[in-house]
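For reference, positions follow the sequence shown, starting with 1. Note that the structure is a prediction, hence the values are computed from the model and not measured. Counting convention: from 1, in listed order, for ligands and their atoms alike.
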Amino acid sequence: MTRQMSGAKMIVQALIDQGVDTVFGYPGGAVLPIYDEIHQQNAIRHILVRHEQGAVHAAEGYARSTGKPGVVIVTSGPGATNAVTGLTDALMDSIPIIVLTGQVPTFMIGSDAFQEADTVGITRPCTKHNWLVKETDALSGVLHEAFHVATQGRPGPVLVDIPKDVQFATGTYNAPKPSVSHYQPKVKGDMEEITELVAAMEKAKKPVFYTGGGVINSGPAASQLLRELVKATGFPITSTLMGLGCYPASGENWLGMLGMHGLYQANMAMHDCDLLINIGARFDDRITGRIDAFSPKSTKAHIDIDPSSINKVIKTDIPIVGDVGHVLEDILKVWKSRGRKTNAEALSKWWAQIEEWKAIDCLKFKQTGKTIKPQHALVRLEELTRKHDRYICTEVGQHQMWAAQYLGFEDPNRWMTSGGLGTMGYGFPASIGVQMAHPDALVINVAGEASWLMNMQEMGTAVQYRLPVKQFILNNERLGMVRQWQELLHGERYSQSWSEALPDFVKLAEAFGAKGILCSDPADLDDAIMEMITHDGPVIFDCLVEKHENCFPMIPSGKAHNEMLLGEAQTQGVIDSKGSVLV
Ligand SMILES: Cc1cc2nc3c(=O)[nH]c(=O)nc-3n(C[C@H](O)[C@H](O)[C@H](O)COP(=O)(O)OP(=O)(O)OC[C@H]3O[C@@H](n4cnc5c(N)ncnc54)[C@H](O)[C@@H]3O)c2cc1C
Ligand SMILES: Cc1ncc(C[n+]2csc(CCOP(=O)(O)OP(=O)(O)O)c2C)c(N)n1
């Protein structure tokens, strides 16, 4: 169906036709025609953030928690440049985002016009694809293509830069048509390679599933198929930070997260396994540690929708390009048709070894004295909230790793964190995006005080839209993760890692018209958390915690999986594969 309308109207129409219900944005001169159209309709809700970085992270939170793309509208120049951190974050973590930027009129491009920036140039390296639209007739086609590119294959951020004269002019609007795009990523895996993997699974003595964000990207059906495969084979399963929830934390075969701050048993299983099955993960350096010592004895299979991910970091023996959901379905079919075989005797020995590793209890800690340990705060938060319809966001630092370790995720899309870019300031706006998508859910952002301050202006957004987001700040008055590295790796020289001149968070909450809660005594913690979750508006929870607590386990960068540092409670030191202290 085609219709004549202005470019600005086309933008709103295309969003409606793409099923968008919410956009996050901030107006300015170069997008005023679009905002004029937004004002005259009710189909799409616009959320006015307080900073464009906040808009993109909110859209990321919306996208990750729903599986639908997030949409952002910002103005030219500073509006676009403020969006760059969010775009890079979404690119690193494969989050589908469509960012629409205003641009100076086409006839002024290149003249150093007011609020002109080379937005497509600046964002080319941090988007999956971007477009500058110079003709109104081309606009609707580009907008539909933008949604297709953002969501198909490996998801990611895209940007459409739209000059103001293109927004004002009248042109032909085309409704979206299925399958007109040239971009058609391969979703079905090659059956020969799938059969090779199944044959390896039948023989494996020490297999492990290493799963990641790709399982979440593939959708809830992929997580169900993964659960079926794990149950059917009895293999142990671990996951990256980005994959938490793809297999339930309460599941029998769960080893916990792996990697730099992963669990002892997960890292040891990765190191000692003979068959490593990577399902939608990308061999990130927080996982591999020292490359030449990474899982040295295993045959490696890698299922990934992005061919460029395969062999990028680690050489793979069985590469399978395809969508996790499709490939898992085929693996199960082939495995069942060949008689559902596994090497049961070897597997039971493998599990016995894993149980020994688990017995080290690498997350053990002692809550003693009058100061709250951050781990204890999270254990109590978990206990008091896990039965709720709960979504967790985080900022970046120690609190993020503790949240990954001590909170349990039973389902996909419940955990929003900045993994690849590690963007302090991500969590608060992300929690706003999540709450917009799930108005009745309990949405908690586990934060460090330093990260949280990076986008604290979004308190205004939370209050304006009555979003009851809970900001659970583990306040150690330190840039904790930086301080930890300085303690362990830089001779305790604490260069610039203090959070000085901190605000009174209770007064800050009140200044915005929200509720503030201060808690410093372990004895008050449960009541204070209950007060937070039962309050029906936004809350800043200032939890004063132990200042010099370190996050363990930790694999120092450049070390191997079996060279983990453990905390005092587990015999601090570097331990070898049998659990004995090396240094
Ligand atoms: C302070 C800090 C500490 C960290 N420590 C750890 C740690 O200890 N452990 C840890 O795990 N991480 C840690 N991280 C996160 C880490 O940096 C990476 O972000 C993370 O490990 C990457 O996860 P992933 O491999 O699952 O990849 P993702 O970034 O989620 O990538 C997903 C992969 O799946 C593919 N894919 C996407 N969609 C599909 C689909 N539909 N089908 C098939 N494939 C698909 C993509 O092409 C990509 O290769 C830390 C981050 C920070 C900030
Ligand atoms: C935007 C940005 N700047 C710097 C860093 C480097 N960095 C990683 S963690 C961290 C400290 C975070 O402190 P806080 O938010 O208080 O959390 P904590 O580690 O204390 O839990 C810093 C500075 C980063 N990840 N992101």
Side-chain angles (χ1 to χ4, degrees), residues 53 64 85 89 91-96 151-156 185-187 189 210-219 222 238-244 246 256-263 266-267 278-289 302-310 312-313 320-328 374 394-405 417-427 446-455 473-485 496-499 502 545 547 549 551 553-555:
Q53 182 186 354
R64 190 64 162 186
T85 300
D89 191 89
L91 186 73
M92 291 290 274
D93 285 347
S94 301
I95 312 286
T151 55
Q152 300 305 299
R154 180 180 187 163
K186 177 174 181 296
V187 293
Y210 150 44
T211 61
V215 185
I216 315 268
N217 290 135
S218 184
T238 178
S239 171
T240 64
L241 184 77
M242 297 310 292
L244 293 178
C246 70
M257 182 175 83
L258 80 162
M260 181 173 268
H261 292 289
L263 273 62
N267 285 332
N278 174 338
I279 306 178
R282 58 181 172 81
F283 291 112
D284 179 82
D285 54 77
R286 306 286 96 166
I287 302 305
T288 58
H302 187 179
I303 301 164
D304 203 299
I305 202 159
D306 180 355
S308 81
S309 246
I310 306 233
K312 188 181 233 171
V313 180
I320 303 175
V321 176
D323 167 63
V324 167
H326 285 85
V327 174
L328 289 182
T394 76
E395 302 289 347
V396 169
Q398 291 179 310
H399 62 277
Q400 177 190 25
M401 294 297 109
W402 281 316
Q405 293 172 338
T417 198
S418 170
L421 196 63
T423 309
M424 291 170 73
Y426 162 91
V446 176
E449 78 293 339
S451 294
W452 193 82
L453 287 171
M454 284 208 178
N455 269 322
I473 301 178
L474 297 177
N475 183 352
N476 53 13
E477 298 175 10
R478 302 285 181 279
L479 311 185
M481 187 57 95
V482 171
R483 191 211 57 75
Q484 172 167 345
W485 281 54
Q496 308 297 320
S497 52
W498 269 271
S499 287
L502 284 169
V545 295
K547 298 187 200 315
E549 190 68 17
C551 179
M554 176 179 178
I555 306 177

- Task: Please confirm whether the backbone N or O of I95 pairs with a side-chain atom of D93, one donor and one acceptor, at under 3.5 Å?
- Result: no
- Task: Give the numbers and elements of all ligand 2 atoms closer than 4.0 Å to a heavy atom of M481.
- Result: 9 (S), 19 (O)
- Item | Any N or O of G480 closer than 3.5 Å to N or O of ligand 2 | yes
- Could you list the atoms of ligand 2 found under 4.0 angstrom from a heavy atom of G397? 9 (S), 19 (O)
- When distances are taken from atom 38 (N) of ligand 1, the protein heavy atom at minimum range is N217 CB, 3.3 Å
- Query: Would you say Y210 and ligand 1 have an N/O pair spaced under 3.5 Å apart?
  - Reply: no
- If we only count N/O pairs under 3.5 Å, is G419 in contact with ligand 1? yes
- Message: With rounding to the nearest 0.5 angstrom, report the CD1 to CD distance, I473 to E449.
- Response: 8.0 Å
- Contact atoms of ligand 2, heavy-atom distance to A450 under 4.0 Å: 13 (O), 14 (P), 15 (O), 16 (O)
- In this structure, CG of L502 is separated from CG of N475 (nearest 0.5 Å) by 5.5 Å
- Keeping the roles fixed (side chain from S497, backbone from L479), state whether a donor-acceptor pair exists under 3.5 Å. no
- Message: What's the separation between atom CG in D284 and atom OG in S309, rounded to the nearest 0.5 Å?
- Response: 10.5 Å
- Query: In terms of atom number and element, which parts of ligand 1 are under 4.0 angstrom from non-hydrogen atoms of M260?
  - Reply: 7 (C), 8 (O)
- Message: With nothing but distance in play, are any N or O atoms of M454 less than 3.5 Å from an N or O of ligand 2?
- Response: no
- Item | Taking atom 6 (C) of ligand 1 as the reference point, the nearest protein heavy atom with its distance | R286 CB, 3.8 Å
- Query: Going by the atom numbers of ligand 1, which of them fall below 4.0 Å from some non-hydrogen atom of G259?
  - Reply: 8 (O), 9 (N)
- Is the closest side-chain donor-acceptor distance between R154 and S94 under 3.5 Å? yes
- What's the shortest distance from atom 6 (C) of ligand 2 to any protein heavy atom, and which residue and atom give it? M424 SD, 4.2 Å
- Item | Ligand-residue contact atoms, ligand 1 with M92, heavy atoms, under 4.0 Å | 29 (O)
- Message: Quick check against the 3.5 Å criterion: does N455 have a side-chain atom that pairs as donor or acceptor with the backbone of G425?
- Response: yes
- Between I287, D93, I95, V324, flag the one that comes closest to atom 10 (C) of ligand 1 by a heavy atom. I287
- Main-chain N/O of G259 paired with N267 side-chain donor or acceptor, under 3.5 Å: yes
- Who's the nearest protein heavy-atom neighbour of atom 20 (C) of ligand 1, and how far? M242 CG, 4.0 Å
- Atom indices of ligand 1, in the order listed, that fall short of 4.0 Å to a heavy atom of G322: 42 (N), 43 (C)
- In terms of atom number and element, which parts of ligand 1 are under 4.0 angstrom from non-hydrogen atoms of D306? 47 (O)
- Quick one: pull up CD in E549 and CZ in R478 and give me the separation to the nearest 0.5 Å. 13.0 Å
- Mind checking the CD-OH spacing from Q400 to Y426? Nearest 0.5 Å is all I need. 10.0 Å
- Report yes or no: does H261 contribute a side-chain atom to a donor-acceptor pair with the main-chain N or O of P553 at less than 3.5 Å? yes
- Do any nitrogen or oxygen atoms of S94 come within less than 3.5 Å of a nitrogen or oxygen of ligand 1? no
- Query: Quick one: does ligand 1 sit under 4.0 Å from the side chain of S218, the backbone, both or neither, non-hydrogen atoms only?
  - Reply: both
- Message: To check your reading of the model: name the closest protein heavy atom to atom 8 (O) of ligand 1, its residue, and the distance in Å.
- Response: H261 N, 2.7 Å
- Query: Which ligand 1 atoms does G212 reach within 4.0 Å, using its non-hydrogen atoms?
  - Reply: 26 (O)
- Message: Test your reading of the structure: does G420 have an N or O sitting under 3.5 Å from an N or O of ligand 1?
- Response: yes
- Polar atom proximity, R282 to ligand 1 (N or O, under 3.5 Å): yes
- Item | M401 neighbourhood, listing ligand 1 atoms whose heavy-atom distance to it stays under 4.0 Å | 2 (C), 3 (C), 4 (C), 5 (N), 50 (C)
- Can you tell which of I320, D284, D323 gets a heavy atom nearest to atom 16 (C) of ligand 1? D284
- Message: Looking only at protein heavy atoms, which one is nearest to atom 24 (P) of ligand 1, and what is the separation?
- Response: T240 OG1, 3.6 Å
- Item | Top protein contact for atom 9 (N) of ligand 1, by heavy-atom distance | L258 O, 2.8 Å
- Query: Counting each atom of ligand 2 from 1 as listed, which ones have a heavy atom of N476 under 4.0 Å away?
  - Reply: 20 (O)
- Query: Counting each atom of ligand 2 from 1 as listed, which ones have a heavy atom of E449 under 4.0 Å away?
  - Reply: 16 (O)
- Does an N or O from G280, backbone or side chain, lie closer than 3.5 Å to an N or O of ligand 1? yes
- Message: Among all the protein's non-hydrogen atoms, which is closest to atom 17 (O) of ligand 2, and how far away is it?
- Response: H399 ND1, 3.2 Å
- Item | R478 N/O under 3.5 Å from ligand 2 N/O | yes
- ligand 1 and L241, any nitrogen or oxygen pair closer than 3.5 angstrom? yes
- Query: Is there a nitrogen or oxygen of M257 sitting under 3.5 Å from a nitrogen or oxygen of ligand 1?
  - Reply: no
- Task: Examine S239 against ligand 1 and note whether any of their N/O atoms are separated by less than 3.5 Å.
- Result: no
- Query: Taking all atoms of both residues into account, what is the closest heavy-atom pair of T288 and D285, and its distance?
  - Reply: OG1-CA, 3.5 Å
- Message: Residue-level breakdown please: for V396 versus ligand 2, do any non-hydrogen atoms fall below 4.0 Å on the side chain, on the backbone, on both, or on neither?
- Response: both
- Message: Quick check against the 3.5 Å criterion: does H399 have a side-chain atom that pairs as donor or acceptor with the backbone of G448?
- Response: yes
- Message: For atom 13 (O) of ligand 2, what is the closest protein heavy atom, and at what distance to 0.1 Å?
- Response: L479 CA, 3.5 Å
- Task: Output yes when the distance from some N or O of ligand 2 to some N or O of T423 is under 3.5 Å, and no in every other case.
- Result: no
- Which of the atoms in ligand 1, numbered in the order shown and given with their element, are less than 4.0 Å from a heavy-atom of G422? 53 (C)
- In the protein, which heavy atom is nearest to atom 1 (C) of ligand 1, and how far is it? Q400 OE1, 3.7 Å
- Note on the structure: Of all heavy-atom pairs linking V324 and A222, the shortest is CG1-CB, 4.0 Å
- Message: Quick test: of every protein heavy atom, which one is nearest to atom 25 (N) of ligand 2, and how far off is it to 0.1 Å?
- Response: G422 O, 2.8 Å
- Message: Show the nearest heavy-atom pair for residues S418 and D89, with the distance to one decimal.
- Response: OG-OD1, 2.6 Å
- Message: Under a 3.5 Å distance rule, please check whether S239 uses its side chain to pair with a backbone N or O of Y210 as donor and acceptor.
- Response: no
- Query: Can you tell me which residue and heavy atom of the protein come closest to atom 49 (O) of ligand 1, and the distance to 0.1 Å?
  - Reply: D304 OD2, 2.6 Å
- Heavy atoms only: give me the nearest V321-I305 pair and the separation to one decimal. CG1-O, 4.0 Å
- Any N/O pair G243/ligand 1 closer than 3.5 Å: no
- Message: To the nearest 0.5 Å, what is the distance between CD on E395 and CE on M481?
- Response: 13.5 Å
